[in-house]
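Just below is one structure, and these are the notes that go with it.
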Amino acid sequence: MTTTSTPRPADALRDGDSAYQAPPSAAARKVGGLAGWVDDRTGAAKPVGYLMKKVFPDHWSFMLGEIAMYSMIICLITGTFLTFWYVPSAGLTVYDGSYVPLRGVEMSEAYASTLHISFDIKGGLMIRQIHHWAALMFTVAVVVHMFRVFFTGAFRKPREINWVIGSVLALLSIIEGFAGYSLPDDLLSGTGIRAMAGFVQTAPVIGSYLVYGIFGGPFPGEMIIPRLYSVHILLLPAILVGLFTVHIALVALQKHTQFPGPGRTNDNVVGYPVMPVYAAKAGGFFFIVFGVLALISALVQINPIWGYGPYDPSPVTAGSQPDWYMGFADGALRLLPGWLEFNLWGEYTLSLNIALGALVLLPLVYIVLGAYPFVERFVTKDEREHHLLDRPRNNPVRTGIGMAGITAYTVFMFAAGNDIMAIKLGLSINDITWFFRIGLFVLPPIVFWVTKRTCLALQRRDREQVLHGRESGTIIRTPDGRFFERHEAELPEDQWILVQHEAVRPFEIAATADEHGVARPAARSDRVRSAMSRFYFADAVNPVTPAELAAAHHHGHEAEAIEGPTPAGEIESSSRDDALARRLE
Amino acid sequence: MNEQDHETTGTEVARQDGHGGAVRLDEGHVVGAGGVPERFANPGLPAHIPRMADLDEAAAKRAEKQVATLFGISMLATLAFLVLYFVIDVNQTVFIPGVGVTSASNAALGVTLALSLLGIGLGAVHWAKTLMPDEEVVEDRHPMRAGDAERAEAVRVMTQEGGKSQIGRRPLIKYTLGGAMGLFALPIVLQVAGSLGEMPRKSLSLTWWNGGPSGPGEIPTFRPLRLMKDPENLPIKASDVTIGSVFHVMPQGLLPDPVTHEGGAEHLLEEKAKAAVLLMRLDPEQIKSQKERDWGYQGIVAYSKICTHVGCPVGLYEQQTHHLLCPCHQSTFDVTQDCKVIFGPAKRPLPQLKITVDDEGYLVSAQPFDEAVGPSFWERNS
Ligand code: HEM
Ligand code: FES
């Protein structure tokens, strides 16, 4: 064996290699020359060098944002291809392409051109399918990425701006998806637009004007397709790309958060430099996402518009279902009861059964989302920067709120399938609808409670593991002759994760008294804050402290003499946190 | 550091005095009075564990070959794509187990494209994981906040230097600038908002059944219109409508010739979207509403097909129960009870079209709809 067993990185010199300085190759000289040319004129070497050295922490969940980014780019690429053949026109034409069942049928040019892309352009169907699958992956990835950010507390200072930008991106992505879904002008998507016109029409006071404005006259008109087209390929992509650029620039500027772990602190970033590791992984990942989308598109059909026929406002469309990201609004429409439509003064109609689901819910979801970091900050009044992520269990109430929100969203989304469920499960649609109506109010609190309890249990288990999990057995003798067991203050490396987080307790209003000693009532905002703080932190389980570990050890081994003031005694005398001490008993 | 050091009483347990303020994790612990630190110390980065390829040149060589193979697969797949693009006819279909009959060209091009991309992607990631340095690097963070001096300077520039414009001292400029900036966007907004489309006027409350085109500004005068079968565009004799049957109907003059596509309404889809009607015949005994019986003809009744919820065409007619079901959100209307809503999110019944027969025995409208069809809107009753 000539190979050595001394650890040596694969990229380093090996035994027998001599330190060889390769002269710059012709290519390198040329690139260097070009780079030099650019740098002479821009000074780009500095930022480029800086960026290439930048460190990114590694974790599978950090790839979710990347998937969103890449599927958006893939949408941009394939969408641009589609524009070469797609005709954004509601003008009527008689189809004579190669899809036989529709020959001779009168249809819009938009629909005819989408058929043309699917049946007469080589690879056109593939591009369409990749575009649609990428759009679906984009919207899913955005949402899952958002979950990651939420549950790990990555939205805390200084990243609130990026959270708000992200919420806007999430909203725009589904509007972008809806606009694109409508472009082929088939019966299914046309029915979606019909419903959209219906929502807009119910807007109080200005509804009919709004809908005539959007459609350029009576529904459907000839304007909606070209207008949706410019929204879909110009307006929203420009805003999406613009906001996304700010989003990612802020990530670079603020540096990515990292999960806690040995050596990872709030003041550092531990990970791989862009050049070469991160560049290879992230760059490679783009190709993987693209490849997976191509594979899905090759094998799984999406939106076979030729099966639906051209849009016509009168024929039946059984079981019409929007793309998943619109499902929750559709579900809300199914749950809202008809009695929410009111007749005001016998003259005016206020359709809250529609407006609440279609016009209020959508913005509301995103406003609540965007506002969350500010609510939490109001409760914690935490001014510090947070670059270490929370493990979801270490903030049980936040995790519970998130799960409750997801539950409500899911109830809405499943409600959009009440008809399919009724058929598949052989149940009455009435029962299913009532199940969802009640579930909407009952399930989120239950899920909140279960999640919170689960988190607290996990935290307790973490404590157990630290307190009783392992003993080092190493006795250390201090210079002045005292002994203690090593694990009092030191912890095996793999248990650091269980104790790294900060202890929390609810905010209490400091008793204030005026000069006569009469207690002054606390400010209203303080009272609200303290109530919310109790909601968040009243039953917090805090991490084991070295003193507790020592005490646990002490209690467990009475025979072992530990000299000096016992740590447990110190805790009891401490006014700071007797709750912790009580837990020790 | 400023704000960073700021201790809050919020969520954090205030640290005991004598611990010298914040405990920095990377500085080890600060020992408190009892000789036990308040918090555990961060143990620091774990030792790097070398990979196979770091220890064994043969393993590194193997990794190199694997990466090269993946890149090679990519190249082959790309070439295959190029060939298949020309070889496979765009309309050829193929049976793929588990997928079914599908477009051969789409499947072939998609799979080769996928392999070409995945080869590159998996190769690059495998390369990074096996051969590129895997020792983690530590970079320091600095607070986002600029230093106090920079902040002060920024404020100074904005106020002092900006003040040189004298905006504070010259109110005339200040207020006229404010006014001009406040107003200048109006023309642009007006251009878009004002020119988006026609005003609805009465057109949401009108349909072709009013006597003809029902767009904004057009007030047709009523004349009885025959009920025409859609899409055949043929009139319907009352005697042809048997009990239990249902017809999809448009008003006379709206539909173009089904063969030549000639004639019909100028704004075909717009008119269809409001005028579509369902015609059903029930046993008059079963009809529970006197108005419904009066507005029909011998148990033949006509109702708007446009759902009063958000406007989908009401599709399914259950002959046994005489229920009309909307496919969009499952609003269910009972035809025996003047199409009142018996389930689902819609509030209002489907509007009924009053019908009769003409001298030749064909069904005709007796009057237009007496209310707006389709979804609600603010002024629909006024
Ligand atoms: C920004 C660049 C984009 C461009 C230039 C673009 C362009 C197009 C075009 C021309 C069509 C119509 C052709 C067709 O339907 O086959 C289309 C359809 C569509 N677009 Fe996009 N698009 C872009 C981004 C997006 C994004 C970000 C989404 C999703 C969030 C999206 C979702 C869709 C959907 C769902 C369809 C319907 C596809 C189908 O079933 O055929 N697009 N797009
Ligand atoms: S449109 Fe008919 S139920 Fe919603």
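Below, read A as the first sequence line, B as the second, and so on, with proteins coming before strands; counting in each chain starts at 1. Every heavy atom of this structure was used, including side-chain atoms; hydrogens, water molecules and symmetry mates were not.
- The distance from the CE atom of A:M126 to the OH atom of B:Y85 is 9.5 Å, given to the nearest 0.5 Å.
- Ranked by non-hydrogen atom pairs under 4.5 Å with chain B, the options A:I429, A:V277, A:V205, A:V211 are led by A:V205.
- Between A:A280 and B:A128 the shortest heavy-atom distance is CB-CB, 3.8 Å.
- Between B:L113 and A:I130, some side-chain heavy-atom pair lies under the 4.5 Å cut-off.
- Taking all atoms of both residues into account, the shortest heavy-atom contact from B:F40 to A:L549 is CZ-CD2, 3.6 Å.
- For the pair A:R194 and B:I306, the minimum side-chain heavy-atom distance is below 4.5 Å.
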Next on the checklist: Apply side chain to side chain donor-acceptor pair (under 3.5 Å) to residues B:E379 and A:S208 and explain how you reach the verdict.
Outcome noted: CA-CA 8 Å; B:E379 66 276 23; A:S208 53; 2.5 Å; yes
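- Among A:F215, A:F290, A:Y311, the residue making the largest number of heavy-atom pairs under 4.5 Å with chain B is A:F290.
- Nearest heavy atoms, A:P315 versus B:P313: O-CG, 2.9 Å.
- Chain B forms the most heavy-atom pairs under 4.5 Å with one residue out of A:I354, A:I296, A:T202, and that residue is A:I354.
- Not one N or O on the side chain of A:Q254 forms a donor-acceptor pair closer than 3.5 Å with the backbone of B:M144.
- At a 4.5 Å heavy-atom cutoff, the contact between A:I121 and chain B is made by backbone atoms alone.
- For the set B:A108, B:A193, B:P216, B:S105, the entry with the most heavy-atom pairs within less than 4.5 Å of chain A is B:P216.
- In this structure, CG on A:N353 lies 7.0 Å from OG on B:S376, to the nearest 0.5 angstrom.
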Item to check | side chain to side chain contact (heavy atoms under 4.5 Å, CB included) assessment of A:V55 paired with B:V138 | outcome: CA-CA 7 Å; A:V55 171; B:V138 181; over 6 Å; no
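- Within the 4.5 angstrom heavy-atom criterion, no atom of A:Q301 approaches chain B.
- Residue A:V300: no heavy atom, backbone or side chain, is found under 4.5 Å from chain B.
- For A:P158, the part lying near chain B is the side chain, with the backbone staying farther off; criterion is any non-hydrogen pair under 4.5 Å.
- Interface remark: A:F199 contributes backbone and side-chain atoms alike to the contact with chain B (heavy atom separation under 4.5 Å).
- Per-residue counts of heavy-atom pairs under 4.5 Å with chain A were compared for B:I49, B:I120, B:V99; the largest is that of B:I120.
- In this structure, the portions of A:V544 lying under 4.5 Å from any heavy atom of chain B include both its backbone and its side chain.
- Under the 4.5 Å side-chain criterion, counting only non-hydrogen atoms from C-beta, B:S103 is not in contact with A:S118.
- Heavy atoms of A:K54 lying under 4.5 Å from chain B belong to its backbone as well as its side chain.
- Shown here for B:E139 and A:K53, the closest heavy-atom pair between the two residues is OE1-O, 3.9 Å.
- If you measure heavy-atom distances from B:A346 to chain A, the contacts under 4.5 Å come from the backbone alone.
- Interface summary for chain B: among A:G221, A:P273, A:G261, the most heavy-atom pairs under 4.5 angstrom belong to A:G221.
- Summarising the geometry, atom OH belonging to A:Y209 is positioned 10.0 Å from atom CG belonging to B:L204; distances are rounded to the nearest 0.5 Å.
- Distance CG/A:D312 to NZ/B:K272: 3.5 Å, rounded to 0.5 Å.
- Counting all heavy atoms, side chain and backbone alike, A:T191 lies closest to B:C328 at CG2-SG, 3.7 Å.
- Inter-residue side-chain proximity for A:Y212 and B:M199 is flagged as unmet; no heavy-atom pair is nearer than 4.5 Å.
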Checklist entry - Could you walk me through whether A:F287 and B:V125 pass the side chain to side chain contact (heavy atoms under 4.5 Å, CB included) check? => result CA-CA 10 Å; A:F287 285 91; B:V125 171; over 6 Å; no
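- Taking CZ of A:F219 as the start and NZ of B:K274 as the end, the distance is 11.5 Å to the nearest 0.5 Å.
- With respect to chain A, the highest number of heavy-atom pairs below 4.5 Å among B:V341, B:T102, B:L122 belongs to B:L122.
- Within the 4.5 Å cutoff, side-chain heavy atoms of B:N42 are placed close to those of A:W496.
- Side-chain atoms of B:N106 come within 3.5 Å of backbone atoms of A:S297 as a donor-acceptor pair (strictly under, hydrogens ignored).
- Note: A:G271 leads A:A90, A:P204, A:A195, A:G271 in heavy-atom pairs under 4.5 Å with chain B.
- For B:H248, the side chain to side chain contact (heavy atoms under 4.5 Å, CB included) criterion is met by A:S314, B:D230, B:M250, B:A276, B:K305, not counting sequence neighbours.
- For A:Y278, the ring-ring contact (aromatic ring centres under 6.0 Å, His included) partners at least two apart in sequence or on another chain are A:F56.
- Contact tally against chain A (heavy-atom pairs below 4.5 Å) for B:D140, B:N91, B:L109, B:V310: the top residue is B:V310.
- Among B:K129, B:H309, B:R348, the residue with the largest count of heavy-atom pairs under 4.5 Å with chain A is B:H309.
- When atom types are taken as modelled, the side chain of B:E38 and the backbone of A:T545 share no donor-acceptor pair closer than 3.5 angstrom.
- Among all heavy-atom pairs drawn from A:T349 and B:R380, the shortest one is OG1-CG, 3.3 Å.
- In this structure the side chain of B:W378 reaches within 4.5 angstrom of the side chain of A:L350, judged on heavy atoms.
- For the pair B:F377 and A:S351, the minimum side-chain heavy-atom distance is 4.5 Å or more.
- Within 6.0 Å of NZ in B:K340 there are 12 or fewer heavy atoms belonging to other residues, nucleotides or ligands.
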Item to check | Stepwise side chain to side chain contact (heavy atoms under 4.5 Å, CB included) check, A:I288 with B:L118 | outcome: CA-CA 5 Å; A:I288 293 179; B:L118 287 172; 4.2 Å; yes
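- Between chain A and the residues B:T112, B:V90, B:L115, the most heavy-atom pairs under 4.5 angstrom are made by B:V90.
- In this structure, the side chain of B:R39 engages the main chain of A:Q500 through a donor-acceptor pair within 3.5 Å.
- Contact of B:H126 with chain A is not made at all, since no heavy-atom distance falls under 4.5 Å.
- A donor atom on one side chain and an acceptor atom on the other are not found under 3.5 Å apart for A:R334 and B:H329.
- In this structure the side chain of A:P220 reaches within 4.5 angstrom of the side chain of B:L269, judged on heavy atoms.
- Put simply, CD on B:Q330 and CG on A:N430 are 11.5 Å apart, with the number rounded to the nearest 0.5 Å.
- In terms of heavy-atom pairs under 4.5 Å with chain B, the best-connected choice from A:G213, A:P313, A:G198, A:A358 is A:P313.
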